[in-house]
2 protein chains.
Amino acid sequence: MDADKVFKALGDPTRRKLLDLLCEKNGQTLGQLCENLDMARQSATQHIDLLEAANLISTVKRGREKLHFINPVPLHEVYERWVRKFERQRLSLLHDLKQELEGDNQ
Amino acid sequence: MDADKVFKALGDPTRRKLLDLLCEKNGQTLGQLCENLDMARQSATQHIDLLEAANLISTVKRGREKLHFINPVPLHEVYERWVRKFERQRLSLLHDLKQELEGDNQ
DNA sequence: ACAATATGCAGGTAAATACCTGCATGTCAA
DNA sequence: TTGACATGCAGGTATTTACCTGCATATTGT
């Protein structure tokens, strides 16, 4: 996984909306996706290119149409690498801050 | 949670490194963090400001020092909102794509 | 008090980003 | 075949971003 591509791809509301749209109905065409995005088709294409580069979606051409499918794997890897790591220490991390605020460190 | 702030904050390798550094040793000062970042202190401060705005870290002043603490809550919310949602449909999503590739849709 | 230390604040710049318009290409259906 | 349709490609621009330098402020230890 290229973490930077995945996070950068997720760091834009339009691209997160695209993922949401595909989650509601997988395999939509570019045109269908654009109906729900308030921007030019060409702009949406650029967002989709980033999502593809991050491997968050895959596309298939069917005739003159381009179908879009979510790939959930990178999201799961984000979870493994970034969420669980901090999650495991959740209580102790908060404890550190609480202790500092209480001035127990003097 | 302001999802946009959180994702934008995570969308930069320097800021992710800051979180990693704090995960190794919570409560570090600005100076300590900067020793591990190949950039000017003022640049690091700007990154930290974004992490604070996203509520991913909290800071406490102790004398002339500024201590930094991770807040794991937004990361957990990212997980709840973004990972689990797609995770739940993981198998079915891949199935959609496989079916399309095999041409079962004709 | 004062020198060293830790951080804050104010611009300034170059690169990246997110849009757009205009036009080209390829596919379908009558 | 040809017109309608779906998408691709090539630029152009305004905004945001990620850096920097220079200087100001606040705290500590001697």
Side-chain angles (χ1 to χ4, degrees), chain A residues 2-22 25-54 56-69 100-101 103 105-106, chain B residues 2-22 25-54 56-69 100-101 103 105-106:
Chain A
D2 185 330
D4 202 49
K5 283 185 182 174
V6 172
F7 278 111
K8 287 230 168 98
L10 292 172
D12 179 275
T14 299
R15 293 193 284 271
R16 292 197 301 278
K17 180 164 188 181
L18 280 166
L19 291 180
D20 270 339
L21 288 170
L22 287 178
K25 185 178 185 315
N26 209 14
Q28 292 188 69
T29 68
L30 177 57
Q32 287 176 313
L33 292 171
C34 284
E35 284 171 15
N36 296 284
L37 294 182
D38 194 26
M39 65 177 56
R41 171 184 53 82
Q42 293 90 331
S43 307
T45 298
Q46 291 180 321
H47 286 297
I48 288 171
D49 287 345
L50 291 189
L51 289 170
E52 278 201 74
L56 283 163
I57 66 174
S58 301
T59 60
V60 180
K61 290 213 73 171
R62 186 179 63 187
R64 61 183 163 182
E65 291 176 322
K66 186 185 176 192
L67 307 184
H68 301 73
F69 297 87
E100 182 60 35
L101 289 172
N105 54 304
Q106 320 266 335
Chain B
D2 185 329
D4 202 48
K5 284 184 181 175
V6 173
F7 278 111
K8 287 230 168 98
L10 292 172
D12 179 275
T14 299
R15 293 191 284 273
R16 292 196 302 276
K17 181 165 188 180
L18 280 166
L19 291 180
D20 270 340
L21 288 170
L22 287 178
K25 184 177 184 315
N26 210 14
Q28 292 187 69
T29 67
L30 176 57
Q32 288 175 311
L33 292 172
C34 284
E35 284 172 14
N36 295 284
L37 294 182
D38 193 26
M39 66 177 56
R41 171 184 52 84
Q42 293 91 333
S43 306
T45 298
Q46 291 179 322
H47 286 296
I48 288 170
D49 287 344
L50 291 189
L51 288 170
E52 278 201 74
L56 283 163
I57 66 175
S58 301
T59 60
V60 180
K61 290 211 77 172
R62 186 180 62 186
R64 62 182 161 182
E65 291 176 323
K66 187 184 175 194
L67 307 184
H68 300 74
F69 297 86
E100 181 61 34
L101 288 172
N105 54 302
Q106 322 267 341

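Bear in mind the structure is a predicted one, so any value in this text is a computation, not a measurement. What's counted below: heavy atoms across the whole structure, side chains too, no hydrogens, waters or symmetry copies. Lettering follows sequence order; numbering is per chain, from 1.
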Undergrad: Can you identify which nucleotide, out of D/dT17, C/dC19, D/dT7, has its nearest atom closest to the A/T14 side chain?
TA: C/dC19
Undergrad: Let me know the distance between NZ of A/K5 and P of C/dT17, rounded to the nearest Å.
TA: 12 Å
Undergrad: Expressed in angstrom and rounded to an integer, what is the separation of B/E65 atom CD from D/dT28 atom C1'?
TA: 10 Å
Undergrad: Rounded to whole Å, how long is the line connecting atom NZ of B/K66 with atom C1' of C/dT5?
TA: 17 Å
Undergrad: Rounding to 10°, can you tell me the angle the first-five-pair axis of the helix from C/dA1-D/dT30 to C/dA30-D/dT1 makes with its last-five-pair axis?
TA: 30°
Undergrad: When only distance counts, do a donor and an acceptor, one from the side chain of B/R64 and one from the base of C/dT7, lie under 3.5 Å apart?
TA: no
Undergrad: Between B/H68 (side chain only) and B/T59 (backbone N and O only), is there a donor and an acceptor less than 3.5 Å apart?
TA: no
Undergrad: For A/L37 and C/dA18, give me the distance from atom CG to atom C1', rounded to whole Å.
TA: 13 Å
Undergrad: What I'd like to find out is whether the side chain of B/L22 reaches to under 4.5 Å of the side chain of B/I57, using heavy atoms alone.
TA: yes
Undergrad: Which residues, if any, of residues 38-48 of chain A bring a heavy atom under 4.0 Å of DNA chain D?
TA: A/R41, A/Q42
Undergrad: Assuming nearest nucleotide by heavy-atom distance, tell me which of B/H68 and A/G63 is located more 5' along DNA chain C.
TA: B/H68
Undergrad: Grab the CG-P distance between A/L18 and C/dC19 for me, whole Å please.
TA: 11 Å
Undergrad: Roughly how far apart are B/T29 OG1 and B/R64 CZ, rounded to 0.5 Å?
TA: 11.0 Å
Undergrad: Quickly work out the B/L51 CG to D/dT17 P distance and round it to whole Å.
TA: 14 Å
Undergrad: What distance do A/Q28 atom CD and A/N36 atom CG have between them, rounded to the nearest 0.5 Å?
TA: 7.0 Å
Undergrad: In this structure, how many angstroms lie between the P atom of C/dC19 and the NZ atom of A/K17, rounded?
TA: 12 Å
Undergrad: Using salt bridge (Lys or Arg N to Asp or Glu O under 4.0 Å) as the criterion, point out the one residue from B/R15, B/K17, B/R16 that pairs with A/D4.
TA: B/R16
Undergrad: Under 3.5 Å, side chain of A/D12 to main-chain N/O of A/K8, donor-acceptor pair present?
TA: no
Undergrad: Please test A/K66 against A/E52 for salt bridge (Lys or Arg N to Asp or Glu O under 4.0 Å), starting from the C-alpha separation and ending with a verdict.
TA: CA-CA 13 Å; A/K66 186 185 176 192; A/E52 278 201 74; 3.5 Å; yes
Undergrad: Given side chains that start at C-beta, do those of B/L18 and B/L56 come closer than 4.5 Å, heavy atoms only?
TA: no
Undergrad: C/dT7 P sits how many Å from B/Q32 CD, rounded?
TA: 8 Å
Undergrad: Measure across B/A9 and B/L50 and return the closest heavy-atom pair with its distance rounded to 0.1 Å.
TA: CB-O, 4.2 Å
